Amino acid sequence: MHAFREAANAVRRAPFLTVLSAAMVALALYVVGIFGVATFNLHQALQRIEERVEVVAYLRDGARPSEITLLEEDVLRMEEVRGVRFVSKEDALEAARRDLPEFEELFVGLDSNPLPASIEIELLEGFRTPNAVARVAERLTIYPFVEDVRYGQEWVDRLYLLQRIGGLATLILGGAFAVVAALIIGTAIRIAIFARREEIFVMRLVGATNGFVRRPFLLEGAFTGALGGAMAVGFTWFTYQLISRAIFRLEWIPLSWILSGVAGGALFGLMASGLAVRRYLQEV
Amino acid sequence: MIRFSKVTKAYPRRGKALDDISFQVEKGEFVFITGHSGSGKSTALRLLHFAERPTDGEVRVSGFSSTVTSDRELWKLRRRVGMVFQDFRLLPGRTARDNVEFALEVTGTRRGEIVSRSNRLLSQVGLAAKSGARVEELSGGEQQRVAIARALANEPQVLLADEPTGNLDERASRGIMDLFRELNASGMAILMATHDLELVRAHPAIRLLELSQGRLAFDSSLGVVTEAPPGPEAPDRTAAPVLPGGEV
Ligand SMILES: Nc1ncnc2c1ncn2[C@@H]1O[C@H](COP(=O)(O)OP(=O)(O)O)[C@@H](O)[C@H]1O
Ligand SMILES: [Mg+2]
């Protein structure tokens, strides 16, 4: 009770400092939040793409049916593969006419079918990563009657790279802001300790426990952090709305991420003030 | 109850504030610690309150040892050993009652008990009528009484007083001494640092420890302890030490 009251007093006494500290925490977590939205959406996109990830081996026109059957059997034995489907030249043309009606006239009046036959290879879940896909594709190129292997590597690679860059940027930017936020919280705690040095002296003089002396400052830090976390959620949501309306539709991050953000802010504030308290209580 | 065993306290670049001091104080004893300014009186009291630790030797106070008791456990000692200062160290802007209740609150006393305890403490130090006055409205002597009430809040067995009359006029000083003697008569051990020789002379029955440049120069219960010459301010009793049997 005493600790709550004192923490509240400290906030009331220096509201500007509390808001400034909270804003710094908010900035740190905002960066994390923005990248959180991005990462979440990238993740969703990757998953959708991964579901459709397949390797397509285009066959030379001269490939014999027995060779094709042999290839299908070999492919089915690979541990990454869930199934194979043979697409004949006719099937390919059919599909092209259906999927690309705007190019209709390209396909009419052809003497010969320009499209190659292919086999489409569906991969097992867990093997739809760039590495696994490339591995399967690599093996297929060995067959002389396989003309080309495609697996949308550019897209997959690019998304994975984006995800990794996003993670790294979050780490660096979020980390930088977190350090600044910790310093500001530390300063706020130091000022609060200094403002109350006489009381702290008396508390220790008459036998208050260390925990009792520290608790208000830790609470203050945790509160500041939680406030910062909540602000960050607000900023992030605002930014999300802006992008979603003006540029492209995004999905909002799950509630559990938001709660972790606020809890993370509180925990961060607690740790920052814990360090500050340990350091600055010795000075009074 | 209290034992200094070969205690030395050295400050970096300041030399030894206390140099190989040994003495013992029994339960319920009243002791003056006297000596020139800078002789180490305050340092001795701070060591007794474990506000600082000796550089060498051991300080024992009601079961706590300077070499064993950790900082985490200090609060236990502080509730057994009260302390008051020359400048009172009261919380400004608050009433006498608030200052006493603060000590009870921060040591986890139950709400219901706080009021009755502070009432009792304030009347014990003779301030029942002024409990609602703010610290700034009280005289020096009254402020020191508030500080004493606060020091007694957790019913300590020992009271340490560092020049408690140093800022007070003669009348107020006498009042504080009377209060101390009352407390002492009801069993409280009191160690009081003072360089007021008038006051020391006025209480010949109280044991006297004299410090000189960090050394124990004189203990009225034993006679002269070291060859260190007593300072010019040394009380008369140096010449004719009161032997243990002479103490009341
Ligand atoms: N915190 C400190 N740092 C450095 N020197 C100190 C400190 N406290 C006391 N001293 C030195 O120790 C000696 C004894 O001081 P003190 O115990 O305050 O004496 P007294 O209370 O008898 O006047 C003095 O020389 C003083 O300068
Ligand atoms: Mg002193």
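Naming convention: chains lettered A, B, ... in sequence-line order (proteins, then strands); numbering from 1 in each chain. Predicted, not measured: the structure shown is a model, and the values here were computed from it.
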I'd like to check F201(A) versus L91(B) (side-chain heavy atoms, cut-off strictly below 4.5 Å). Are they in contact?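 With C-beta onward as the side chain, the pair stays apart.
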Can you find a pair of side-chain heavy atoms, one from E198(A) and one from L90(B), that are under 4.5 Å apart?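 Answer no - side chains too far apart.
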Would one find more than 12 heavy atoms of other residues, nucleotides or ligands at under 6.0 Å from atom [atom1] of [X]?
| X | atom1 | answer |
| --- | --- | --- |
| Y11(B) | OH | yes |
| R279(A) | CZ | no |
| W257(A) | CH2 | yes |
| R135(A) | CZ | yes |

Nearest atoms (heavy-atom pairs only) where [X] meets [Y]:
| X | Y | answer |
| --- | --- | --- |
| A208(A) | V106(B) | CB-O, 3.3 Å |
| D71(B) | N210(A) | O-ND2, 3.8 Å |
| F212(A) | E105(B) | CZ-O, 4.1 Å |
| T107(B) | V206(A) | CG2-O, 3.4 Å |

What part of F85(B) lies closer than 4.5 angstrom to a heavy atom of chain A: side chain, backbone, both or neither?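 Contact with chain A is through the side chain of F85(B) alone.
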Using non-hydrogen atoms only, which part of R111(B) is less than 4.5 Å away from chain A: side chain, backbone, both, or neither?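 When you check distances to chain A, no heavy atom of R111(B) falls under 4.5 Å.
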Kindly compute the distance separating OG1 (T209(A)) from CZ (R72(B)), expressed to the nearest 0.5 Å.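 Those atoms lie 10.0 Å apart.
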If you round to the nearest 0.5 Å, how far is CG of L205(A) from CG of L74(B)?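 Between L74(B) CG and L205(A) CG, I get 11.5 Å after rounding to 0.5 Å.
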If contact means a heavy atom pair closer than 4.5 Å, which residues of residues 134-158 of chain B contact chain A?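 Contacts with chain A: R150(B), N154(B).
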Any residue meeting salt bridge (Lys or Arg N to Asp or Glu O under 4.0 Å) with R89(B), in chain and number order, not counting sequence neighbours: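 By the salt bridge (Lys or Arg N to Asp or Glu O under 4.0 Å) rule, R89(B) matches no residue at all.
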Do R79(B) side-chain atoms and G207(A) backbone N/O form a donor-acceptor pair below 3.5 Å?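 Flag set: sc R79(B) to bb G207(A) pair under 3.5 Å.
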Could you tell me whether a side-chain N or O of R78(B) sits under 3.5 Å from a main-chain N or O of R204(A), the two making a donor and an acceptor?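 Side chain of R78(B) to backbone of R204(A), a donor-acceptor pair under 3.5 Å: yes, one is there.
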